[in-house]
Number of protein chains: 2
Amino acid sequence: MPSQKQIARELGVSVATVSNALTGKGRVSQDVVDLVTERAAQLGYTPSAAGRALKTGRSGILGLVMPDITHPVFPDFAQGLEIEADARGYGILIANGRGTEAGQDNAIRQLIKRGVDGIIMIPRRGTRPQVPPVPMATISIASDPRFAVAANHRQGGKLAAQAILQLGHRSILLLGDDSHSPVQIDRIEGMAEALEGQAEFQVQWTGDHFPDLADLHATGVTAVLTVSDLLALRVVTEASQSGLRCPDDLSVIGFDNLPLSTAVRPTLSTIVPDTAELAKRAIAYLDAAIRDDQDPPAPSVVDMTLRLRDSTGPAPQTATQHRRTSP
Amino acid sequence: MPSQKQIARELGVSVATVSNALTGKGRVSQDVVDLVTERAAQLGYTPSAAGRALKTGRSGILGLVMPDITHPVFPDFAQGLEIEADARGYGILIANGRGTEAGQDNAIRQLIKRGVDGIIMIPRRGTRPQVPPVPMATISIASDPRFAVAANHRQGGKLAAQAILQLGHRSILLLGDDSHSPVQIDRIEGMAEALEGQAEFQVQWTGDHFPDLADLHATGVTAVLTVSDLLALRVVTEASQSGLRCPDDLSVIGFDNLPLSTAVRPTLSTIVPDTAELAKRAIAYLDAAIRDDQDPPAPSVVDMTLRLRDSTGPAPQTATQHRRTSP
DNA sequence: TTGTGATGATTAAACGATTAATCAAGGATT
DNA sequence: AATCCTTGATTAATCGTTTAATCATCACAA
């Protein structure tokens with residue numbers, strides 16, 4: 001591998017001059033600058049990351065800790081983070097929390113060992129990750145006191161509820177699959193808040209058994225708001241098996257805009273998190289902390305948007321009547 | 001940050017002794033070893049990655065280049081690779097090919113700049129990625145001459161076909177959505193090979209329009225083998241909308257065992273790639289190349305397995321009769 | 001007593017880049 | 001003509017770790 005030393009030797013100048021010429025820092029004549037850059041290009045010179053890191057104390061690498069890399073929302077995240085990090089000259093080293101708190105702390109240690117300049121952390125719920133000796137940006141929920149950036153899950157829930165109200169639905173099922181997940185709780189609470197006083201609604205958490213959609217429909221429920229597209233997929237297909245048509249008999253809204261949401265028929269209406277914006281702010285926050293910026297960006301919350309597709313429609317007249325007439 | 005120098009100073013020994021004590025390489029008395037390790041632990045000493053990398057010429061970091069990080073099969077891959085890399089003491093730096101050949105080459109350059117010891121490459125189809133100055137392990141298809149590890153897509157296709165034959169189906173649709181994808185072509189060819197002479201079948205590539213399943217069913221088709229779970233999801237739900245029941249009227253098999261395959265009803269039968277094994281071999285291959293191993297592992301192909309779920313069932317008698325009696 | 005070996009530690013150099021300090025030489029100023 | 005400033009380059013030190021080479025001690029054998 002070519003080094004500054006080699007360029008210096010071949011050109012008969014000192015390494016300091018080569019370094020200055022390439023970084024444009026010291027005082028070097030234009031002639032020498034040209035000579036050096038030309039020779040560097042010829043040799044295919046690439047500055048040694050290790051050498052630079054050793055001297056400057058910066059590796060230019062950020063660590064990313066996620067509780068579970070196989071979760072379907074994370075690819076989008078990772079992509080956004082990679083793009084933003086790259087734009088600021090950072091690379092991203094991934095680590096896997098392996099679903100446990102111990103694994104999460106171990107991931108942090110590994111990243112520190114590798115000399116990362118900072119850590120982007122998506123904490124496993126209910127854990128208090130150890131504080132690393134480098135800046136950390138936590139992507140979490142707004143109620144988490146340590147968050148640097150958060151998606152506005154409550155607002156997303158509201159959005160879903162408002163959309164379904166606008167379509168005339170007045171009896172609604174709110175469906176989650178993990179009653180301990182703060183994210184799901186926020187989403188459900190947002191829905192409930194918007195629905196309060198506007199419609200009848202009930203909350204269910206699917207554990208062992210899935211709610212009987214036909215029963216619910218018989219009692220007048222015309223819409224199901226779920227906390228994820230996977231759950232929405234389950235509802236849509238389960239409904240179909242029970243002979244309910246979607247959206248004619250049942251409207252469904254999911255969360256996260258997963259790839260499956262456009263593959264399923266009907267396509268899924270969903271609440272989409274602005275992962276690009278989340279990534280942008282997380283990286284900006286972390287970069288500011290690393291550079292010891294005077295006024296770093298404050299923790300912020302990013303709103304979600306509604307994407308209406310084919311799984312939602314106007315409330316059926318029949319169902320509403322049925323509800324009114326049934327005991 | 002504590003360094004060997006600091007430990008040495010506090011203990012009144014030389015840095016070389018500290019280094020030797022910590023790595024167990026030179027000649028150091030047991031007493032001193034104990035002293036040094038104890039003090040190192042006290043101070044929370046972590047060896048500087050930059051210093052070590054500079055001296056040894058190894059960063060302990062592998063680069064991962066993927067054509068599109070948002071593709072649903074990649075989380076699984078990334079997870080497997082991270083686990084295997086970690087087991088061998090490597091970290092993984094992600095790079096994004098951004099879907100273009102230029103982006104792919106740029107990703108390689110970025111990784112080189114960051115000093116990776118080797119690169120794991122999942123090439124964008126039809127591209128010839130530039131050769132980096134470090135070892136590279138290519139995860140591709142068996143017909144790709146540069147592959148280090150490949151999933152056996154043909155065999156996977158065969159598996160699907162054999163399963164569907166065993167269930168009595170004799171008129172089958174093979175469905176892809178990208179006729180230029182070598183992976184999809186391999187899968188379809190595998191299916192066709194197993195079906196040849198055993199059953200009637202036709203291949204269709206969904207472009208603008210999706211095949212009319214009701215029509216096909218009317219002509220006797222009782223099973224659809226697809227090249228991906230996303231496509232299978234489309235088939236299952238589209239069929240349901242056409243009034244066909246799955247698996248009673250139509251059996252469906254997908255590929256890749258995506259998370260959605262257990263969320264949809266009926267759950268999807270699918271061909272599952274052994275991503276853990278693929279990752280293991282890719283890392284082993286790369287590690288051997290980096291360590292300049294004498295007899296490195298040869299390029300190898302990893303078989304897939306069949307996972308039968310609820311989207312497949314015996315061929316319907318009615319449909320078969322229908323086909324026999326129809327003109 | 002002298003030489004030999006083993007043991008345990010130190011010295012010093014090296015990896016590659018950066019940067020403060022220094023120096024030489026030429027041009028401009030008084 | 002003596003001084004000062006500017007320009008363009010070099011020297012040397014430093015970051016933290018590793019490692020070959022060296023050295024000092026002491027034990028033991030001849």
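By convention in this document, chain letters (A, B, ...) are assigned in the order of the sequence lines, proteins followed by strands, and residues within each chain are numbered from 1.
Residue A:E84 holds its CD atom at 11.0 Å from CG of A:L278, rounded to the nearest 0.5 Å.
Contact check, B:Q4 against D:dT18: a side-chain N or O comes under 4.0 Å of OP1 or OP2. The phosphate of C:dT18 (OP1 or OP2) has no side-chain N or O of A:T56 nearer than 4.0 angstrom.
In terms of modelled atom types and a separation under 3.5 Å, the side chain of B:D86 and the main chain of B:E82 share no donor-acceptor contact.
A:R125 and A:S181 share no side-chain donor-acceptor pair at under 3.5 Å.
Listed nucleotides C:dC15, D:dT10, C:dA17 differ in distance to A:K5; the shortest reach to its side chain belongs to C:dC15. Between C:dT18, C:dT10, C:dA9, one nucleotide has an atom nearer to the side chain of B:V28 than all others, and that is C:dA9. Proximity note for A:R52 (side chain, C-beta onward) versus C:dT18, C:dG16, C:dT19: the nearest is C:dT18. Checking D:dT19, D:dG16, D:dT22 against the side-chain heavy atoms of B:S19 singles out D:dT19 as nearest. Of all nucleotides listed (D:dT18, C:dA9, D:dG16), D:dT18 comes nearest to the side chain of B:T23. Nearest nucleotide to the side chain of B:A16, out of C:dT18, C:dT19, C:dA12: C:dA12.
The nearest whole Å value for the distance from the CD atom in A:Q6 to the P atom in C:dA17 is 10 Å. Put simply, NZ on A:K55 is 7 Å from P on C:dT19, counting in whole angstrom units. The NZ-P distance, from A:K25 to C:dA21, rounds to 15 Å in whole Å.
Residue contacts shown for A:S3 are limited to sugar-phosphate atoms, with no base heavy atom under 4.0 Å away. Within the nucleic acid shown, B:S29 comes within 4.0 Å of sugar-phosphate atoms alone, with no base atom in reach, counting heavy atoms only. Nucleic acid contact class of B:V18 (heavy atoms, under 4.0 Å, all strands): none. At a threshold of 4.0 angstrom between heavy atoms, the contacts of B:R27 include nucleobase atoms, whether or not backbone atoms are also involved. Among the protein residues, A:A50 comes within range of no part of the nucleic acid, since none of its heavy atoms lies under 4.0 Å from any strand. Within 4.0 Å of B:V32, counting heavy atoms only, lie sugar-phosphate atoms of the nucleic acid but no base atom. In this structure, B:S48 reaches the sugar-phosphate backbone alone: every heavy-atom distance under 4.0 Å involves primed, P, OP1 or OP2 atoms, never a base.
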